[in-house]
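To start, the structure itself, in structure tokens.
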2 protein chains.
Amino acid sequence: MPAQIPKAGEPVRGSKSGKPIMVLFDLLGRRWALGIIWNLSSGPQTFRSLQSNCESVSPTVLNTRLKELRECGIVINGDSGYELTTEGKDLFVYLEPLGTWSQTWSHASNLTEQ
Amino acid sequence: MPAQIPKAGEPVRGSKSGKPIMVLFDLLGRRWALGIIWNLSSGPQTFRSLQSNCESVSPTVLNTRLKELRECGIVINGDSGYELTTEGKDLFVYLEPLGTWSQTWSHASNLTEQ
DNA sequence: AAAGTCGCTACAATAAATGTAGCAACTCAT
DNA sequence: ATGAGTTGCTACATTTATTGTAGCGACTTT
């Protein structure tokens, strides 16, 4: 019996196939998930500061995403606010190179203003 | 004047900040976008085979995602079906390591069946 | 005690994803 | 050339997600 794609806020247990990469993509493919991890990479942040750093994210969605990321062991709610766990920092190492890649990409495809 | 977050199917021009990484995250943070790129990494595929490889994606969403990815220069609709562009393959190089990472992660956090 | 902050919830409105049906164009064997 | 099968994709109703705004209770600062 394959696992189901969970609804927002519910624990992420797996995509239908249950393949880890698809579970991960299911988690990261939700609005603001990648942006939250990116923002937390520079250090712990409060709920409010995350909210303002993530452009227009609503408190409802921010809370939902943080809950999911906590349940997946990527984020933790510590004394100094929300922060990446060891695993979260580890994940960020793989995400970081996308920062420079995105710049050359946006240059090539003219998708951004800057 | 900052760019707006585009609606599904509309050209991805930028997040509100216009930062390339946020534009990229806006694109990749849509359902099935990452999965589609992952699936296409092994070679060109037809619409129908992509559909069955991407678990439960509906033709509506698949078409929308492919359109967005084409407009962003990551996917192209060639003779042998949909395939990654040079840029798309380049992006995949950064995504690929997440495959092995996701396995150790799922082991550690008990999120998947396998 | 008044005035801020903070994390977060409620809730209505809008947007996105799903699931199903099916159509027009094409292939291919008869 | 006709009918059966496949393909890419659209239509559309239903379900789910996200947004945007307001505001509450706990806390801190003055």
Side-chain angles (χ1 to χ4, degrees), chain A residues 2-17 22-23 25-36 39-40 44-72 75-83, chain B residues 2-17 22 25-36 39-40 43-72 75-83:
Chain A
Q4 295 298 119
I5 295 181
K7 297 179 184 174
E10 291 178 358
V12 174
R13 283 188 226 287
S15 60
K16 282 188 184 168
S17 72
M22 288 303 162
V23 178
F25 284 172
D26 180 30
L27 178 69
L28 298 182
R30 297 176 179 203
R31 209 141 229 184
W32 297 114
L34 284 164
I36 289 169
N39 267 292
L40 288 180
Q45 283 190 48
T46 64
F47 189 94
R48 282 291 233 271
S49 70
L50 255 183
Q51 212 182 333
S52 55
N53 285 335
C54 286
E55 311 187 350
S56 71
V57 65
S58 72
T60 320
V61 170
L62 181 55
N63 190 41
T64 306
R65 272 317 83 85
L66 286 170
K67 184 180 168 193
E68 291 160 0
L69 290 169
R70 257 181 289 146
E71 279 163 350
C72 290
V75 160
I76 201 174
N77 194 354
D79 287 341
S80 39
Y82 289 96
E83 57 186 314
Chain B
Q4 294 298 119
I5 295 180
K7 295 181 185 174
E10 291 179 357
V12 174
R13 284 188 224 287
S15 62
K16 282 188 183 169
S17 73
M22 287 305 161
F25 283 173
D26 180 28
L27 178 68
L28 298 183
R30 296 176 180 204
R31 209 143 228 186
W32 297 114
L34 285 165
I36 289 169
N39 267 292
L40 287 180
Q45 282 190 49
T46 65
F47 189 95
R48 281 291 233 269
S49 71
L50 254 183
Q51 213 183 332
S52 55
N53 285 336
C54 286
E55 311 189 351
S56 72
V57 66
S58 72
T60 320
V61 170
L62 180 56
N63 189 41
T64 306
R65 266 327 76 87
L66 285 170
K67 184 180 169 193
E68 291 161 359
L69 290 170
R70 257 182 289 146
E71 279 164 348
C72 290
V75 160
I76 200 173
N77 194 355
D79 287 340
S80 41
Y82 289 97
E83 57 187 314

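Chain letters run A, B, ... following the sequence lines, proteins first and then strands; every chain starts at 1. Because only heavy atoms are used, hydrogens play no part in the values below, and waters and symmetry mates are left out as well, while side chains stay in. All of these numbers come straight from a predicted model, not from anything done at the bench.
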Using only side-chain N and O atoms of [X], determine if any of them is under 4.0 Å from OP1 or OP2 of [N].
X	N	value
W32(A)	dT19(D)	yes
T60(B)	dG19(C)	no
Y82(B)	dT7(D)	no
T46(B)	dG8(D)	yes
R65(B)	dA17(C)	yes
R30(B)	dA17(C)	no
N63(B)	dT10(D)	yes

Minimum heavy-atom separation for [X] and [Y], please, with both atom names.
X	Y	result
G29(B)	L34(A)	N-CD1, 4.5 Å
G78(B)	E83(B)	CA-OE2, 4.0 Å
M22(A)	N39(B)	CE-ND2, 4.1 Å

So what does S58(A) hit on the nucleic acid, given a heavy-atom distance under 4.0 Å: a base, only sugar-phosphate, or nothing?
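It contacts base atoms.
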
When you get a sec, tell me which of dA17(C), dG8(D), dC8(C) is the closest nucleotide to the side chain of P59(A)?
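Closest nucleotide to the P59(A) side chain: dC8(C).
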
What is the distance from [atom1] of [X] to [atom2] of [N], rounded to the nearest Å?
X	N	atom1	atom2	result
L66(B)	dA17(C)	CG	P	13 Å
R70(A)	dC8(C)	CZ	C1'	11 Å
L50(B)	dC9(D)	CG	P	11 Å
N77(B)	dC9(D)	CG	C1'	11 Å
D79(B)	dG8(D)	CG	P	13 Å
R31(B)	dT15(D)	CZ	P	17 Å
F47(B)	dT10(D)	CZ	P	8 Å
L62(A)	dC6(C)	CG	P	14 Å

Decide yes or no on side-chain hydrogen bond (donor to acceptor under 3.5 Å, both in side chains) for S49(B) and S52(B), but give the supporting numbers first.
CA-CA 5 Å; S49(B) 71; S52(B) 55; 5.8 Å; no

By nearest nucleotide on DNA chain C, pick out whichever of Q51(B) and V61(B) is the more 5' one.
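Here V61(B) is the residue nearer the 5' end.
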
Test item: R65(B) side-chain N/O and R31(B) main-chain N/O as donor-acceptor pair under 3.5 Å:
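Such a contact is found between R65(B) side chain and R31(B) backbone.
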
